[in-house]
Visitor: 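I am attaching a structure below and will ask some questions about it afterwards.
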Amino acid sequence: MTDFVKIRDLSADGMEIYIQTSEVQLLRYFEPDPGVFIAESPKVIERALDAGYEPLSFLIEEGKENDETERIFRSCQGIPVYVGENSVLSGLRGFGLTRGMLCAMRRRRLPSAEEVCGEARRIAVLENVVNPANVGAIFRSAAALNMDAVLLTGGCSDPLYRRAARVSMGTVFQIPWTFFNKDTVWPEDGMRLLRRMGFRTVSMALCDDSVSIDDAGLKSCEKLAVILGTEGEGLAPETIADSDFTVRIPMAHGVDSLNVAAASAVAFWELGKV
């Protein structure tokens, strides 16, 4: 049976996790065990549930119940569902982007890079991509365009942060991913790990000494890791120097480069073909 709890203001019991807790605090909520993340919108929540994440509570705007939300509640019997009018929940920053529904969920322990990439042939590697919207958009492209997994360096935004998961349309729950182990120094240790797993490495960078994105040598690689860099400066010189290939996407009309999320879609579309 669904446990509906009517709330009349944001100070009600159970609201702390939604309004008073930062992303970093949520990450450490059950420390030393994995913490909590907030999933936004029925579509994202449903994909998280399908991936096996454990819900702690729901928050929904009164009148937003529909077949999709009812399906979610039926699969989560006994989990509290906090219900509030729009006049109450509109005081929650960004609530207008949630499609009227939030869910607090337990994180899971992250797998190792070897576990994530065990059966993978094409993977994406994100180097210090700090904007959660870009991380989410890259995940959506990775899932749609034949990437088998995503690895992230420690400087990247967490894929389970609210904005990242929302922009990804829940694909962060559909494609395997993990951070490099905190003891893995990037790029030195990370590159060695990729090679031990059998991957050739491709740096997406603005270098004149590069190969075409449709190069036959790239297509012939059995296992390929596509590396994308931070929003402003791109990949570190050490990463580029240590890569097997460097690829530069041709530009027109004097444009020097694409946003990293847009570049990822182009790269995955072409390099994901096997």
Visitor: For Gly63, does its backbone N or O pair with a side-chain atom of Glu65 as donor and acceptor, under 3.5 Å?
Guide: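 Yes, the answer is positive, given that a donor and an acceptor are paired below the 3.5 Å cut-off.
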Visitor: Looking at Asp244 and Arg195, is any side-chain nitrogen of the basic one under 4.0 Å from a carboxylate oxygen of the acidic one?
Guide: yes
Visitor: Nearest 0.5 angstrom please: Trp269 CH2 to Met147 CE, how far?
Guide: 12.0 Å
Visitor: So, do Tyr161 and Val24 sit near enough that their side-chain heavy atoms are less than 4.5 Å apart?
Guide: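 A side-chain contact under 4.5 Å exists here.
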Visitor: I'd like to know if Asp33 pairs up with Arg107 as an ion pair, taking the criterion as any Lys NZ or Arg NE/NH1/NH2 lying under 4.0 Å from an Asp or Glu carboxylate oxygen.
Guide: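 Answer for the salt bridge query: no.
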Visitor: Are the charged groups of Glu222 and Arg200 less than 4.0 angstrom apart, N to O?
Guide: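 Not counted as a salt bridge, because no side-chain N and carboxylate O are separated by less than 4.0 Å.
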Visitor: Count the heavy atoms of every other residue, nucleotide or ligand shown that sit under 6.0 Å from NZ of Lys223, and state whether that count exceeds 12.
Guide: yes
Visitor: Do Lys64 and Met101 have side chains that approach each other closer than 4.5 Å (heavy atoms only, starting at C-beta)?
Guide: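 Answer no - side chains too far apart.
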Visitor: Between Leu152 and Leu193, is there shared hydrophobic-cluster membership here, with clusters defined by ILVMFWY side-chain heavy atoms closer than 4.5 Å?
Guide: no
Visitor: Short question: side chain of Ser168, backbone of Val135 - any donor-acceptor pair under 3.5 Å?
Guide: no
Visitor: Using side chain to side chain contact (heavy atoms under 4.5 Å, CB included), reason through Leu151 and Leu126 one step at a time and then give a plain yes or no.
Guide: CA-CA 6 Å; Leu151 299 180; Leu126 308 190; over 6 Å; no
Visitor: Is the shortest heavy-atom distance from the side chain of Val167 to the side chain of Arg163 under 4.5 Å?
Guide: yes
Visitor: Just by distance, do the side chain of Thr230 and the backbone of Glu233 share a donor-acceptor pair under 3.5 Å?
Guide: no
Visitor: To the nearest 0.5 Å, what is the distance between CD1 on Ile17 and CD on Gln25?
Guide: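 So the CD1 of Ile17 and the CD of Gln25 are separated by 11.0 Å.
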Visitor: Side chains of Arg106 and Phe37, heavy atoms from C-beta outward: is any pair under 4.5 Å?
Guide: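 Contact flag for Arg106/Phe37 side chains = no.
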Visitor: Using atom types as modelled and distance alone, determine if a side-chain donor or acceptor of Ser57 lies under 3.5 Å from a backbone N or O of Ala104.
Guide: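 It does not hold such a pair.
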Visitor: Is it the case that atom CG in Asp67 sees more than 12 heavy atoms from other parts of the structure closer than 6.0 Å?
Guide: no
Visitor: Output the distance between atom CD (Glu40) and atom CZ (Arg162), rounded to the nearest 0.5 Å.
Guide: 4.0 Å
Visitor: May I ask whether Val5 and Leu56 are part of the same hydrophobic cluster, defined by side-chain heavy atoms of I, L, V, M, F, W, Y residues being less than 4.5 angstrom apart, directly or through others?
Guide: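 Same hydrophobic cluster.
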Visitor: Check Leu102, Ile7, Asp13, Ile60 against Tyr82 for a side-chain contact (heavy atoms from CB on, under 4.5 Å) and give me the one that passes.
Guide: Ile7
Visitor: Atom CZ of Phe180 and atom CD of Glu127: how far apart are they, to the nearest 0.5 Å?
Guide: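 Answer for the CZ-CD pair, Phe180 versus Glu127, is 10.0 Å.
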Visitor: Say whether, by atom type as modelled, one donor and one acceptor occur between the side chain of Asp148 and the main chain of Arg122 under 3.5 angstrom.
Guide: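 Judged by distance alone, yes, a pair lies under 3.5 Å.
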Visitor: State, yes or no, whether a side-chain contact exists between Asp158 and Phe179 at a heavy-atom distance under 4.5 Å.
Guide: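 Yes; the side chains approach each other to less than 4.5 Å.
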Visitor: For the atom pair CD (Glu23) and CD1 (Ile38), what is the distance rounded to the nearest 0.5 Å?
Guide: 8.0 Å
Visitor: Just one of Leu194, Val116, Val150, Ile227 clears the side-chain contact (heavy atoms from CB on, under 4.5 Å) bar with Ile123, so which one?
Guide: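 Among the candidates, only Leu194 passes.
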Visitor: Looking at side-chain heavy atoms only, is the closest gap between Ser243 and Met191 below 4.5 Å?
Guide: yes
Visitor: Within this structure, what is the CD1-OG distance for the pair Ile19 and Ser11, rounded to the nearest 0.5 Å?
Guide: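 Atom-to-atom, Ile19:CD1 and Ser11:OG are 7.5 Å apart.
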Visitor: Are Asp50 and Arg47 close enough for a salt bridge, meaning some N to O gap below 4.0 Å?
Guide: no
Visitor: Can you check whether Thr239 reaches Trp186 side chain to side chain, under 4.5 Å on heavy atoms?
Guide: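 In contact.
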Visitor: Answer yes or no: is there a donor N or O on one side and an acceptor on the other, between the side chain of Gln77 and the main chain of Arg74, under 3.5 Å?
Guide: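 Flag set: sc Gln77 to bb Arg74 pair under 3.5 Å.
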Visitor: Determine, step by step, whether Cys76 and Phe58 satisfy the side chain to side chain contact (heavy atoms under 4.5 Å, CB included) criterion, reporting the C-alpha distance in whole Å, the side-chain angles of both residues, the deciding distance to 0.1 Å, and the verdict.
Guide: CA-CA 10 Å; Cys76 300; Phe58 296 94; 3.8 Å; yes
Visitor: With a 4.5 Å limit on heavy-atom distance, are the side chains of Arg109 and Pro34 in contact?
Guide: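 Sidechains of Pro34 and Arg109: in contact.
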